[in-house]
There are 4 protein chains.
Amino acid sequence: MAVRKRDALTVTEQARRAQIVHAAIDTIAETDYARASFTAIARRAGLSSTGMISYHFAGKQDLIDEVMRTVLADFTDFVVARSAADTAAGRLAAFIVANNEFLREHRNHLVAMLRIQTAAPDSENAGILAASDRAKLADLLASGQRAGEFRDFDTDMMAGFILSLRNGVIARTAAEPGFDLATCTSELLTAIRSATEV
Amino acid sequence: MAVRKRDALTVTEQARRAQIVHAAIDTIAETDYARASFTAIARRAGLSSTGMISYHFAGKQDLIDEVMRTVLADFTDFVVARSAADTAAGRLAAFIVANNEFLREHRNHLVAMLRIQTAAPDSENAGILAASDRAKLADLLASGQRAGEFRDFDTDMMAGFILSLRNGVIARTAAEPGFDLATCTSELLTAIRSATEV
Amino acid sequence: MAVRKRDALTVTEQARRAQIVHAAIDTIAETDYARASFTAIARRAGLSSTGMISYHFAGKQDLIDEVMRTVLADFTDFVVARSAADTAAGRLAAFIVANNEFLREHRNHLVAMLRIQTAAPDSENAGILAASDRAKLADLLASGQRAGEFRDFDTDMMAGFILSLRNGVIARTAAEPGFDLATCTSELLTAIRSATEV
Amino acid sequence: MAVRKRDALTVTEQARRAQIVHAAIDTIAETDYARASFTAIARRAGLSSTGMISYHFAGKQDLIDEVMRTVLADFTDFVVARSAADTAAGRLAAFIVANNEFLREHRNHLVAMLRIQTAAPDSENAGILAASDRAKLADLLASGQRAGEFRDFDTDMMAGFILSLRNGVIARTAAEPGFDLATCTSELLTAIRSATEV
DNA sequence: CATGAATGAGGATTCATTCAT
DNA sequence: CATGAATGAATCCTCATTCAT
């Protein structure tokens with residue numbers, strides 16, 4: 001990175017960045033945003049120096065931004081892959097299920113994302129991503145309303161509610177080790193169906 | 001505090017502590033949990049040195065704990081005072097409305113509380129308060145179920161959902177300056193009624 | 001003290017100073033020279049403010065100096081009162097015995113003195129007192145030599161040795177709670193007699 | 001040290017640590033234990049910031065412990081190397097001589113050690129080292145007693161006396177610039193011989 | 001590319017001391 | 001005289017970042 005612009009990263013560079021990003025995710029999720037220092041991240045990544053991180057990232061903010069980008073990309077891929085359904089209601093349910101499945105498989109990703117969002121709200125992406133996320137969900141809801149599947153509600157608000165519920169599930173998973181995610185998912189599906197159906 | 005162990009606080013001391021606590025709340029809410037250093041808090045409180053904070057609080061954790069205690073006390077008083085209603089559904093609605101009213105009047109209190117909860121999960125109160133909060137709400141829901149006002153759902157889960165929704169409203173208020181809280185409240189009331197009614 | 005010179009202290013002033021000095025002695029002896037802060041001393045003295053100490057003493061050094069003066073005065077009085085004997089050897093033995101008795105009765109005084117001497121050697125008195133102490137003891141030894149009771153040795157050196165032995169006893173009493181002072185005293189008497197007799 | 005936990009020290013690191021340790025020794029010996037702050041030590045070591053010390057040592061206690069270890073290792077090597085003799089009395093005399101020679105050549109080492117021992121009694125090594133030191137000397141004395149070289153005395157007490165005498169010599173060397181160490185040594189040898197011989 | 005040593009700003013905290021009441 | 005609140009310098013320590021090798 002030093003001299004070269006942002007355009008092309010070598011394979012090695014990409015691998016190193018990914019390695020560091022994942023170490024950062026685990027460190028943030030398993031300890032604390034405040035305690036996720038370069039030293040802690042380098043240690044977890046098996047790096048011998050924090051200089052390595054500074055070499056591959058323009059600064060701490062850049063690393064955090066990349067963490068957000070990575071988590072969101074992984075998350076979106078995962079959710080999109082299993083959100084296919086014939087009806088809007090079906091896609092909404094699939095979205096909820098996919099969210100909770102991703103949470104079960106990649107707890108640290110989402111916990112890290114949540115911590116970054118609320119602890120460092122001026123991250124380049126934090127706010128923007130949340131908004132675009134919400135916009136996509138609002139579109140889904142609107143299409144469901146047009147199809148007569150959903151009752152009449154403010155789609156932006158309802159999208160916000162649904163994402164809040166998802167965030168709440170993440171927070172509770174983070175805080176309570178033995179949280180019953182299966183029951184939660186089914187209760188959540190029922191609640192959201194009741195709240196949205198016509 | 002220097003010499004005295006801890007018995008009763010003088011009037012002056014209570015005033016100073018309150019002043020510092022409020023400066024801490026505003027600093028956390030308006031910048032960042034990470035950036036809420038003693039220096040930043042002292043500057044906002046108009047203190048001549050960070051030593052003043054250490055003089056009045058046993059340490060940073062003590063200050064943060066007091067912030068949580070203060071916010072929660074104010075919040076609880078406010079909500080309790082306007083949660084009277086004949087039915088469980090009425091009390092639940094009043095709870096939602098009171099939450100959003102408090103948020104409108106004391107935005108910084110709730111934003112600070114939310115940031116502390118997710119950024120510093122080892123705070124004395126953070127986890128405990130969340131759990132006891134949820135338990136009280138679950139009780140309300142259970143009494144509504146017994147009275148036939150609410151459908152059959154897992155009360156602990158539903159209580160978590162409702163608090164998640166509230167937290168989401170706080171987060172969005174924090175992130176979007178012009179967020180329409182009135183619309184949000186009415187939409188939220190409808191959604192929660194739909195999700196809980198029999 | 002504020003305005004008035006050093007000449008006359010009122011009775012109350014003297015009492016306060018003595019109270020503070022004794023609290024300082026106990027604090028230094030029971031914890032650490034470094035941890036003997038004004039706050040710790042004031043707490044032990046039952047004072048409500050460290051300002052009280054600053055009011056009665058010109059500064060920390062002044063307090064420490066007064067501690068040294070007090071300990072030494074008490075110590076000297078005690079030792080002189082029981083050092084009467086017909087021979088120099090007798091007076092030397094009485095000196096040793098008196099030292100160890102004082103140590104048994106006023107352990108904290110001597111431990112504090114020792115700590116101050118080695119931790120803060122630039123105290124006004126520390127060095128001077130040690131020297132004058134040694135000089136007096138050397139005089140005693142010289143008179144014993146003239147009387148033919150002691151062999152020929154460098155009296156200044158021997159005085160230093162004897163005081164070193166005494167300091168060692170203090171240090172060991174300070175470090176080992178169950179140290180057997182009685183045995184130590186008798187062994188010490190024998191050793192010193194052997195080392196000095198003709 | 002930042003990232004690496006602790007395996008082997010690089011050459012550079014060992015050099016830096018040694019440099020800092022020696023700066024600490026000199027600072028403690030030439031001023032005061034209390035005034036041996038990281039700032040003072042860093043200044044003397046020619047470091048650009050106190051952060052450098054924290055980079056190489058886990059904390060102040062770690063530095064102080066290393067100082068003790070270093071001084072004691074140097075001291076022990078020196079003394080052991082010249083304590084060979086046929087008789088216990090010879091080894092005792094050699095011990096005394098070696099002590100005073102080391103003191104002449106490495107005054108600061110011993111002054112620092114003495115100050116640490118009496119000022120910071122909770123140092124990892126302070127008390128333990130003193131006790132093990134004394135035990136070794138007591139063994140020597142006991143073997144001399146068995147060989148009929150020494151009279152009957154409590155070996156633990158006598159060992160304590162001898163170490164007290166050595167500490168006294170250190171203290172006096174520290175306090176009096178022009179102290180006559182040669183005379184002191186010969187007087188001390190005579191005194192100890194008289195006190196121990198049969 | 002990678003390493004590890006170095007840097008210096010900033011973190012919380014403690015302390016002796018001052019001063020209005 | 002006594003109180004306790006206030007001050008600001010100094011403490012140890014952590015951190016992101018830089019740079020020579």
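In what follows, chains carry the letters A, B, and so on, assigned in the order in which the sequence lines appear, proteins first and then strands, with residues in each chain numbered from 1. What you see below is based on every heavy atom in this structure, not just the backbone, and it leaves out hydrogens, waters and symmetry mates.
Atom CD1 of A/I20 and atom OG1 of A/T27 lie 11.5 Å apart (nearest 0.5 Å). Here OH of C/Y33 is found 13.0 Å from CG of C/L114. Values are rounded to the nearest 0.5 Å.
Between A/L63 atom CG and F/dC15 atom C1' the separation is 14 Å, expressed in whole Å. Taking atom CD1 of D/I53 as the reference point, atom P of E/dG8 lies 14 Å away to the nearest angstrom. For the pair B/R43 CZ and E/dG10 P, the interatomic distance rounds to 10 Å; values are reported in whole Å. Atom CG in D/L47 sits roughly 11 Å away from atom P in E/dG8 (whole-Å rounding). Between the CD1 atom of A/I41 and the C1' atom of F/dT14 there is a distance of 14 Å, given to the nearest Å. One atom, CD1 of D/I64, and another, C1' of F/dT11, lie 14 Å apart when rounded to the nearest Å. Computed from coordinates, the B/R17 CZ to F/dA5 C1' distance equals 14 Å when rounded to whole Å. Protein atom CZ of A/R16 is 11 Å distant from nucleotide atom C1' of E/dT3, rounded to whole Å.
Between the side chains of A/R115 and B/T118, no donor N or O sits under 3.5 Å from an acceptor N or O. Counting only N and O atoms by type, the side chains of A/R16 and A/Q19 include a donor and acceptor under 3.5 Å apart.
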Across nucleotides 13-21 of chain E, 5' to 3', mark each nucleotide with B, S or - according to how protein heavy atoms within less than 4.0 Å reach it.
BBSSBB---
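In this structure the side chain of C/S49 never reaches within 4.5 angstrom of the side chain of C/Y55, judged on heavy atoms. No side-chain heavy atom of C/F57 sits under 4.5 Å from any side-chain heavy atom of C/D65.
The one candidate from A/I53, A/I28, A/T50 that meets the side-chain contact (heavy atoms from CB on, under 4.5 Å) condition with A/I41 is A/I53.
Put simply, the side chain of B/R17 gets close to the backbone of B/H56: a donor and an acceptor are under 3.5 Å apart.
Contact between the side-chain N/O atoms of B/S48 and the OP1/OP2 oxygens of F/dT7 is found at a separation under 4.0 Å. The phosphate of F/dA6 (OP1 or OP2) has a side-chain N or O of B/H56 nearer than 4.0 angstrom.
The nearest heavy atom of DNA chain E to D/M52 and to B/A40 marks one nucleotide each, and the one closer to the 5' end goes with D/M52.
Contact check on B/E66 versus B/R69 returns a salt bridge, with a Lys/Arg side-chain nitrogen under 4.0 Å from an Asp/Glu carboxylate oxygen.
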Intra- and interstrand pairs of DNA chain F - dot-bracket, Watson-Crick/G-U under 3.5 Å, | marks other strand:
.||||||||||||||||||||
